[in-house]
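A quick write-up on the structure given underneath.
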Amino acid sequence: MKVSSHINDLFTSICYRIGYALFDPGDEWDGFKEVDKVLLTHAHFDHIYGLNKLMELKPDIKIYTNEYGRKMLLNAKMNLSLYYEMPFVLSNPVSIVVVENDDDVRLDDNLLAKAIYTPGHNPSCITWVVGEILFTGDSYIPGIKTVTNLPGGNKKQAEESLKLIDELATNRQVYPGHKI
Ligand SMILES: [Zn+2]
């Protein structure tokens, strides 16, 4: 299973790609438009700002997040973009697919991505389990304490989510949401 990645200019958030699935689109990069779905680890601005550009290139693309993430994609205050003077609202809400905890998203014939809700950093946080890989977003960045002081953050939930991620990380490789 080949994972490609790109470190974005904004806050060194990381965009990953497996096959035709992109995780957390920011800057445009090689292969950016060769995808048919986007999975979000959460809907903070630095993990979503490439979405409108991507939808111009691929109007039929689907975006997988939870219900809270759906609200954030449609609200520049909630996704924090307003505070960086780059207000971002998703141009085509019809593209959003809301996933429940434990839902599977099919990436290809042989590959599923399982959505595990890991709130604490933010209520939209999902850790995606793809075979031997975990995409943890900002729920778990090795070497960094999970940030819980942004709107919607919750320290207790973050501790519980970290325990869960720790279990999931047994025999799996972690791909976090930022380069440190
Ligand atoms: Zn974040």
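Counting starts at 1 for both ligands and their atoms, in listed order. All of these numbers come straight from a predicted model, not from anything done at the bench.
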N, O or S of Cys125 under 2.8 Å from the Zn ion (ligand 1): no
Residue of the set Val98, Leu40, Val105, Asp103 for which side chain to side chain contact (heavy atoms under 4.5 Å, CB included) holds with Tyr64: Val105
Distance flag, aromatic centroids of Phe11 and Tyr84, threshold under 6.0 Å: yes
Minimum-distance atom from the Zn ion (ligand 1) among N, O or S atoms of Asp138: OD2
Parallel, tilted or perpendicular: rings of His42 and His47 (30°, 60°): tilted
Angle at the Zn ion (ligand 1) (to 10°), with one arm to ND1 of His44 and the other to NE2 of His42: 90°
Distance-only donor-acceptor check, side chains His44 and Asp138, under 3.5 Å: no
